[in-house]
Asks: 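Encoded as structure tokens, here's the structure I'll be asking about.
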Amino acid sequence: MKLALSAAAVAVEDGVELTVTAKSYVRDLFCMADKVDAKASVAEGMVSLLPGESVVLHIATADAAALAAPGAFAAANVLRSANDPKREW
């Protein structure tokens with residue numbers, strides 16, 4: 001199955017920036033950051049993207065493990081959209 005998006009995460013001063021780029025239509029993208037860090041929060045809510053569009057999600061976290069492995073916020077069970085409810089992780 002072709003994934004509708006690609007994601008890249010980097011640790012920044014106040015948390016993690018998660019850049020998501022749509023390969024095809026992405027409906028209601030949402031990052032469940034609390035699956036990585038129970039105290040994490042995401043500034044942006046659900047967003048939809050057309051092919052080629054990108055969004056940067058700002059994730060506030062001070063958790064050392066999350067900052068050491070920011071890619072955890074892009075995992076299939078954390079970064080979800082309405083068009084991939086059966087995506088395997």
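Quantities reported herein were computed from a predicted structural model and do not represent experimental measurements.
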Asks: Which atom pair, heavy atoms only, marks the closest approach of Glu17 to Val56?
Replies: CB-CG1, 4.0 Å

Asks: What are the two closest heavy atoms between Gly52 and Thr21, and how far apart are they?
Replies: O-CG2, 4.3 Å

Asks: Hey, what do you get for CG (Asn83) to OG (Ser24), rounding to the nearest 0.5 Å?
Replies: 6.5 Å

Asks: Does Leu18 share a hydrophobic cluster with Leu67, counting links as ILVMFWY side-chain heavy atoms below 4.5 Å and allowing steps through other members?
Replies: yes

Asks: Distance from Lys35 atom NZ to Arg80 atom CZ, nearest 0.5 Å?
Replies: 7.5 Å

Asks: Would you tabulate the side-chain donor-acceptor contacts of residues 26-34 under 3.5 Å, counting partners in other chains and residues two or more places apart, or write 'none'?
Replies:
none

Asks: So Val42 and Phe73, do their side chains get closer than 4.5 Å, heavy atoms only?
Replies: no

Asks: In the structure I gave you, are the side-chain heavy atoms of Val55 and Thr19 within less than 4.5 Å of one another anywhere?
Replies: no

Asks: Holding to side chain to side chain donor-acceptor pair (under 3.5 Å), I want the full list of residues that pass it with Ser48, two or more places apart in sequence or in another chain.
Replies: none

Asks: I'd like a table of donor-acceptor pairs (distance under 3.5 Å, sequence neighbours excluded) in which one partner is a side-chain atom from residues 5-14, with atom names and distances.
Replies:
none

Asks: Would Asp63 and Thr61 satisfy side-chain hydrogen bond (donor to acceptor under 3.5 Å, both in side chains), going step by step from the backbone distance to the final call?
Replies: CA-CA 6 Å; Asp63 182 71; Thr61 181; 5.2 Å; no

Asks: Could you state the interatomic distance from CG (Asp37) to CD1 (Ile59), rounded to the nearest 0.5 Å?
Replies: 10.0 Å

